[in-house]
Protein chains: 2
Amino acid sequence: MKLPESTEWVLHAATALAQLAQFDQGSTASAAQLAEHYDLPAAYLAKQLQALVRAGLLSGSTGPRGGFRLARPADQITLLQVVEAVDGESPFYTCREIRQRGRGAVPPEQCREACGLAALMAAAEAAWRASLAATTIADVVAALPPGLPGRTRSLLARPR
Amino acid sequence: MKLPESTEWVLHAATALAQLAQFDQGSTASAAQLAEHYDLPAAYLAKQLQALVRAGLLSGSTGPRGGFRLARPADQITLLQVVEAVDGESPFYTCREIRQRGRGAVPPEQCREACGLAALMAAAEAAWRASLAATTIADVVAALPPGLPGRTRSLLARPR
DNA sequence: GGCGTTATACTCGGATACCACGTGTCCGAGTACCCCCGG
DNA sequence: CCGGGGGTACTCGGACACGTGGTATCCGAGTATAACGCC
């Protein structure tokens, strides 16, 4: 029950791209740039960013001055979407209905309602997802210390 | 980000032991019995139940008529405790402070407050844990169809 | 018949292999840019 | 000076090894039981 370490990477990367978009809507940052910015393995970070592209959160362009940028405004990208893009959407807990198996198998007519344990686990998971869905990347950028977005942008601005 | 499959096993096992304790405080069920009851690999289930013993949720006794029983009343055992016993208590998301590393490292004086992303992820995780901590094994047993605890007990009662 | 001893069978508990997923890396396909050449 | 073409360098994108943790299994240590023999 641990999120991939790359979750942190893509969350910060998305935040950085959002800061970049604040100044120049169409500007991009390459995977190599972001990797250097956070001291991360470039190739693996690129792999994860590709996952965000597949999820429709980022758009990637090739060639010189290419790179990644947010596919839509930062206030329309939630933390949950970023996390699910890199970690998948499969639920934490999957009920295999073991109550209906083995010597103590409960007869099907008693199983009309869902397994109580599965329902409780699903409710907890829903609380987690709801908490993450309540915040957008734009909220994260807004909470940054003032002046930092400008600094980020100047560091990520590529040599013209 | 998936709970071990054995999580379901121990949750159901704890529920079964709670039903057993309703009738006879000191009665035990062996790992082999519980495994047969749910059609599970006995040895591996035993390994997970040992984890619950280490966590202080169950107590195990050896010898004939030995086995596992709840270490305290079912209304004092939460789902969270059971899950953490088998899955560990390590947080989903660990902040490695990548914002302070690499080319874009934020100076320490700007990092007096915790990383905003880490705080949000921690809040979501807290919501999950709180949801699981709000329900006890006793609640689960109380929600079972009437008559089922008696059946479970008769199936698990061992040949005198 | 009662009690002590012994043998037994059953239990947990930990140490040992196997497999999948996350981690890390590499190379190839594609493209926008830049330079050069010709008009 | 201006436009077109080719070369180049940079980008993403997917395919290939490695390590850690969950899954599964086994065998040994310990104990309450039950039977047995003795008093």
Side-chain angles (χ1 to χ4, degrees), chain A residues 1-10 13 17 26-36 38-55 57-69 71 83 85-88 90 92-94 96 98 156 158-160, chain B residues 1-10 13 17 26-36 39-55 57-69 71 83 85-90 92-94 96 98 156 158-160:
Chain A
M1 192 64 170
K2 263 178 67 58
L3 285 166
E5 186 178 348
S6 48
T7 306
E8 184 181 8
W9 306 354
V10 294
L17 290 176
S27 63
T28 64
S30 71
Q33 275 185 300
L34 290 168
E36 189 188 0
Y38 292 115
D39 187 23
L40 301 174
Y44 191 38
L45 174 63
K47 181 182 176 68
Q48 304 306 332
L49 293 177
Q50 289 166 25
L52 296 204
V53 172
R54 277 192 296 273
L57 303 178
L58 302 185
S59 69
S61 53
T62 68
R65 295 188 58 78
F68 296 96
R69 66 172 171 278
V83 171
V86 66
D87 185 58
S90 60
F92 304 164
Y93 180 91
T94 54
R96 303 204 192 279
I98 65 173
L156 245 42
R158 64 181 71 198
R160 179 67 181 174
Chain B
M1 192 60 168
K2 263 179 65 60
L3 285 165
E5 187 178 347
S6 48
T7 306
E8 184 181 7
W9 306 355
V10 295
L17 290 175
S27 63
T28 64
S30 72
Q33 275 185 298
L34 290 168
E36 188 187 0
D39 187 23
L40 302 174
Y44 190 40
L45 173 64
K47 181 182 176 64
Q48 305 305 334
L49 293 177
Q50 289 166 25
L52 296 204
V53 172
R54 277 193 293 274
L57 303 178
L58 303 185
S59 70
S61 54
T62 67
R65 295 189 56 78
F68 296 96
R69 67 172 173 278
V83 171
V86 67
D87 186 59
E89 304 183 15
S90 60
F92 304 163
Y93 179 92
T94 55
R96 302 205 192 280
I98 65 174
L156 245 41
R158 63 182 71 196
R160 178 66 184 174

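Below, chain A is the first sequence line, B the second, and so on; all start at residue 1. Just the heavy atoms: all of them, side chains too, but no hydrogens, waters or symmetry mates, feed the values below. The model shown is predicted, which means the values in this text are computed figures rather than measured ones.
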* Asked: How does protein reach along nucleotides 11-17 of chain D, written 5' to 3' as B (base within reach of a heavy atom under 4.0 Å), S (only sugar-phosphate), or - (no contact)?
  -> BSBB---
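The distance from atom NZ of A/Lys2 to atom P of D/dG21 is 10 Å, rounded to the nearest whole Å. Between the CG atom of B/Leu45 and the C1' atom of D/dC26 there is a distance of 16 Å, given to the nearest Å. For the pair A/Leu3 CG and C/dG22 P, the computed distance is 11 Å after rounding to whole Å. At whole-Å resolution of the value, CG in B/Leu40 and P in D/dT25 are 11 Å apart. Between A/Glu5 atom CD and D/dG19 atom P there is a gap of 17 Å when expressed in whole angstrom units.
A/Tyr44 pairs by the ring-ring contact (aromatic ring centres under 6.0 Å, His included) definition with A/Trp9, not counting sequence neighbours. By the side-chain contact (heavy atoms from CB on, under 4.5 Å) test, B/Thr28 is found to be paired with B/Ser61, B/Arg69, B/Arg158, residues two or more places apart in sequence or in another chain being considered.
Contact annotation for B/Thr28: no contact, since no heavy-atom pair falls under 4.0 Å across all strands.
Using a 4.5 Å heavy-atom cutoff, the side chains of B/Leu52 and B/Val10 are in contact. Between B/Met1 and A/Lys2 the shortest side-chain heavy-atom distance does not fall below 4.5 Å. For the pair A/Leu34/A/Leu49, a side-chain contact is recorded, criterion being any heavy-atom separation below 4.5 Å from C-beta on.
Judged by distance alone, with hydrogens and angles left aside, the side-chain atoms of B/Gln48 form no donor-acceptor pair with the main-chain N or O of B/Ser6 at under 3.5 Å.
An OP1 or OP2 oxygen of C/dT25 is reached within less than 4.0 angstrom by no side-chain nitrogen or oxygen of A/Tyr44.
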